[in-house]
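Take a look at the structure below.
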2 protein chains.
Amino acid sequence: MARARLQDVAEVAGVSMKTVSNVVRGYVHVSPSTRAKVQRAIDELAYRPNETGRSLATGRTGLLALAFSDISIPYYSELARCVSTLARDRGYRVLLEQTDGTLEAERAIVSTSEAGLVDGVLFQPSILGSSEIARHRGDVPVVLLGEAQAPLSVDHVMIDNVAAARRVTTHLAGLGATRIAFLGHERSGLSPTSRVRLAGYQEGLEAEGLPVDTGLLIPSGAVSSASAAEAVTAALAEGLRFDGLVCRDDLAAIGALRALADAGIRVPEDVVVTGWDDVAMASFTQPGLTTVRPDLAALAGRALDMLEERIAGFDELGRHALVDFEVVYRGSAPALPTED
Amino acid sequence: MARARLQDVAEVAGVSMKTVSNVVRGYVHVSPSTRAKVQRAIDELAYRPNETGRSLATGRTGLLALAFSDISIPYYSELARCVSTLARDRGYRVLLEQTDGTLEAERAIVSTSEAGLVDGVLFQPSILGSSEIARHRGDVPVVLLGEAQAPLSVDHVMIDNVAAARRVTTHLAGLGATRIAFLGHERSGLSPTSRVRLAGYQEGLEAEGLPVDTGLLIPSGAVSSASAAEAVTAALAEGLRFDGLVCRDDLAAIGALRALADAGIRVPEDVVVTGWDDVAMASFTQPGLTTVRPDLAALAGRALDMLEERIAGFDELGRHALVDFEVVYRGSAPALPTED
DNA sequence: CTGAAAGCGCTTACAG
DNA sequence: CTGAAAGCGCTTACAG
């Protein structure tokens with residue numbers, strides 16, 4: 001049996017399509033007897049409204065795209081959880097778009113060859129530059145997440161990465177570290193994320209009067225614990241010595257912890273280590289990881305606020321919002337008495 | 001300026017809508033000169049086809065729902081990565097649906113109150129029973145993933161959980177463990193996943209002639225490392241002793257490793273431990289985790305095959321497919337000389 | 001409170 | 001190889 005349409009329900013109930021539509025959408029001004037009659041027809045026909053028809057008529061799909069490189073990276077999966085939950089509360093569903101951090105896929109996010117599928121886009125670029133983002137066609141609202149340089153025309157939410165990197169770096173110095181390395185940026189083609197975190201790291205070193213030494217920068221081949229562990233092992237083999245390690249992200253820190261343990265180097269006795277993101281695993285490493293915790297709920301909430309405003313027609317210059325972060329202290333770089 | 005429609009392009013190019021549609025969809029039998037004329041109009045108007053209009057006309061949206069409890073659980077995020085990548089190769093996009101493992105949300109997956117949004121559904125139930133799944137309305141194709149009991153009418157893909165649990169249990173016995181505990185099932189309302197893994201665990205114990213003792217079952221409050229760690233710590237405090245530990249999943253195993261280390265119990269010297277899923281973190285615990293690795297690509301690929309067949313109209317009884325798994329040996333329960 | 005009709009933006013037999 | 005027209009399943013002014 002073919003699926004029932006609104007029209008079928010109207011015929012069975014003996015009313016117009018408009019009235020059925022009113023009942024389906026919960027419009028209040030329908031007389032109880034009409035409503036009951038329509039409801040009976042709906043049940044009888046097992047009618048379910050077709051969302052595509054509705055979307056074409058209203059111009060809205062209730063879909064939001066969430067785009068970033070790779071959902072299997074814990075930070076993104078935790079972000080996706082948060083966005084998805086908050087989006088549902090606002091009546092939206094989330095379409096997953098993975099770019100693998102490729103230029104081609106990131107370009108496709110801001111200038112898709114199709115229209116009308118999603119009402120808005122939440123996008124964390126990995127490598128796409130501000131100017132290319134600015135050139136996007138602008139017919140679907142976009143809010144940018146994360147560290148990428150955002151064009152003036154586009155909304156953007158992030159935490160203050162430079163401040164956070166400075167905080168963890170000075171914390172390591174406060175613990176007595178004098179040779180503080182940085183782990184996990186790209187070997188070439190620095191991502192915006194690495195760029196701002198390195199900037200904060202440098203500021204922290206300078207504030208503490210510690211030398212800034214490019215020999216202390218340990219790049220990694222990929223955003224993964226495996227690449228980071230390899231990089232640390234290789235650096236140690238080449239004779240690099242350090243007593244503090246600021247990691248670009250928790251994945252890198254987890255790899256570093258493993259590589260240091262394998263080399264017989266103790267954390268935090270010999271080297272103090274910080275991560276970034278406070279992913280779930282960060283409390284289960286041994287020792288636990290001191291790390292930067294962004295306020296994910298605020299980040300997702302603020303981004304959704306902005307996106308909904310754009311969807312509703314807001315059409316002024318891009319808003320650039322900062323949300324809070326905190327440093328969570330665990331065994332890899334314990335809190336000082338003055339800290340919490 | 002309002003967005004251009006197919007009709008606008010047709011007018012500018014001086015051809016019919018049908019011809020524009022042919023060009024847009026890459027239909028071959030269009031004369032080069034007509035194609036060029038149409039392409040010029042498309043570029044001039046910055047025309048992009050509206051997917052909602054197309055969907056309404058074709059009855060397809062190119063969207064697949066991927067439903068499970070929580071995307072921030074590493075197994076699910078790794079599964080989502082795999083499904084999303086394979087789906088794109090087949091021309092589909094993925095809509096994320098989180099159920100939080102609640103009955104209400106799981107029911108909504110199999111009997112949504114709307115239709116027409118997705119062409120098919122990939123669903124890993126956490127608690128929904130076979131009979132409720134069987135009652136689903138059947139107007140959108142569904143393929144079930146994971147351990148839930150599937151109704152005869154519905155396609156289903158999983159690994160042989162009983163066999164895998166038996167394998168890891170006998171492996172621990174082969175390493176000399178005689179008091180092998182199980183960690184991570186629900187305190188009440190056993191999930192299908194826990195049920196089959198416990199069954200294999202019991203079979204393994206019996207095959208080895210080891211006593212089956214309910215005192216060795218350590219339930220956990222949630223699917224998380226934190227709950228598992230708490231449970232192990234509490235069990236140890238109550239005097240439970242064991243020399244082998246089969247964990248329901250890697251998250252539980254990671255929590256166990258932490259709790260055991262905190263209690264001064266060495267792995268693998270005092271207790272040998274196995275996990276399940278081989279999530280990315282499983283190679284970065286200390287020691288690394290011996291664990292069951294399902295063939296995710298085969299799982300996702302087979303499920304998508306089945307779903308595409310259903311979408312194409314296949315309408316027979318449910319197929320129940322098993323895909324491969326392997327046991328990956330790492331430090332927490334090293335391979336025996338005879339194994340690999 | 002309810003109805004008849006147009007319209008959202010496409011695709012697709014059917015003709016030619 | 002191309003065109004005119006109907007139809008996909010809804011919503012929404014506009015009347016009454």
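So you know, we letter chains A, B, ... as the sequences are listed, proteins then strands, and number each from 1.
- Residue A:T58 has no polar side-chain atom (N or O) positioned under 4.0 Å from OP1 or OP2 of D:dC10.
- Nearest to the side-chain atoms of A:R5 among the listed nucleotides C:dG9, D:dA4, D:dG9 stands D:dG9.
- Looking only at atom types and distance, the side chain of B:D70 has a donor-acceptor partner in the side chain of B:S72 under 3.5 Å away.
- OP1 and OP2 of D:dT12 both lie 4.0 Å or more from every side-chain N or O belonging to A:Y27.
- Regarding A:Q7, its CD atom lies at a distance of 14 Å from the C1' atom of D:dT11, rounded to whole Å.
- With D:dG3, C:dT2, C:dT12 as the candidates, the nucleotide lying closest to the side chain of A:T19 is C:dT2.
- Of the candidates D:dT2, D:dT11, C:dC10, D:dT11 carries the atom nearest the A:A57 side chain, counting heavy atoms from C-beta on.
- Regarding A:L6, its CG atom lies at a distance of 14 Å from the C1' atom of C:dA4, rounded to whole Å.
- Taking the C1' atoms as reference points, D:dT12 lies 16 Å from D:dG16, given to the whole Å.
- Looking at A:R310 and A:D119, no side-chain N of the basic residue comes within less than 4.0 Å of a carboxylate O on the acidic one, giving no salt bridge.
- Each of D:dG3, C:dG9, C:dA4 was ranked by its minimum atom distance to the side chain of B:L56; first place goes to C:dG9.
- Closest to the side chain of B:K18, from the set C:dA4, D:dG3, C:dT11, is D:dG3.
- Per the geometry, CZ belonging to B:R60 stands 14 Å off P belonging to D:dG9, to the nearest Å.
- Side-chain polar atoms of A:S130 and A:Q149 form no donor-acceptor pair below 3.5 angstrom.
- Note on B:E97 versus A:R88: no salt bridge recorded, every NZ/NE/NH1/NH2 to OD/OE distance being 4.0 Å or above.
- Distance B:E51 CD to C:dC10 P: 10 Å, rounded to the nearest Å.
- Counting any heavy atom pair closer than 4.0 Å across all strands shown, A:T34 reaches sugar-phosphate atoms only and no base atom.
- A cation-pi contact links A:R319 to A:F314, judged by a cut-off of 6.0 Å to the six-membered ring centre and 45° from its axis.
- With a cut-off of 3.5 Å on both pairing distances, C:dA13 has no Watson-Crick or G-U wobble partner at all.
- Proximity of A:R48 to the phosphate of D:dG9: no side-chain N or O atom is located under 4.0 Å from OP1 or OP2.
- For B:R54, the listed nucleotide lying nearest its side chain is C:dC10; candidates were C:dC10, D:dT12, D:dG3.
- Where B:N22 and B:G53 each meet DNA chain C at their nearest nucleotide, the meeting point lying more 5' is that of B:G53.
- Using the Watson-Crick or G-U wobble rule with both distances under 3.5 Å, C:dA4 pairs with nothing in any strand shown.
- For A:S31, a side-chain nitrogen or oxygen approaches OP1 or OP2 of C:dT2 to under 4.0 Å.
- The CG-P distance, from B:N50 to C:dG7, rounds to 18 Å in whole Å.
- Counting only heavy atoms from C-beta on, A:V15 has its side chain closest to C:dG3 among C:dG3, C:dG9, C:dG7.
- Contact between the side-chain N/O atoms of B:R25 and the OP1/OP2 oxygens of C:dT12 is found at a separation under 4.0 Å.
- Note: A:E106 CD to A:D100 CG = 10.0 Å, rounded to the nearest 0.5 Å.
- An OP1 or OP2 oxygen of C:dG9 is reached within less than 4.0 angstrom by no side-chain nitrogen or oxygen of B:T52.
- Between the P atom of C:dC1 and the NZ atom of A:K37 lies a distance of 14 Å, rounded to the nearest Å.
- For A:M17, the listed nucleotide lying nearest its side chain is D:dC10; candidates were C:dG9, D:dT12, D:dC10.
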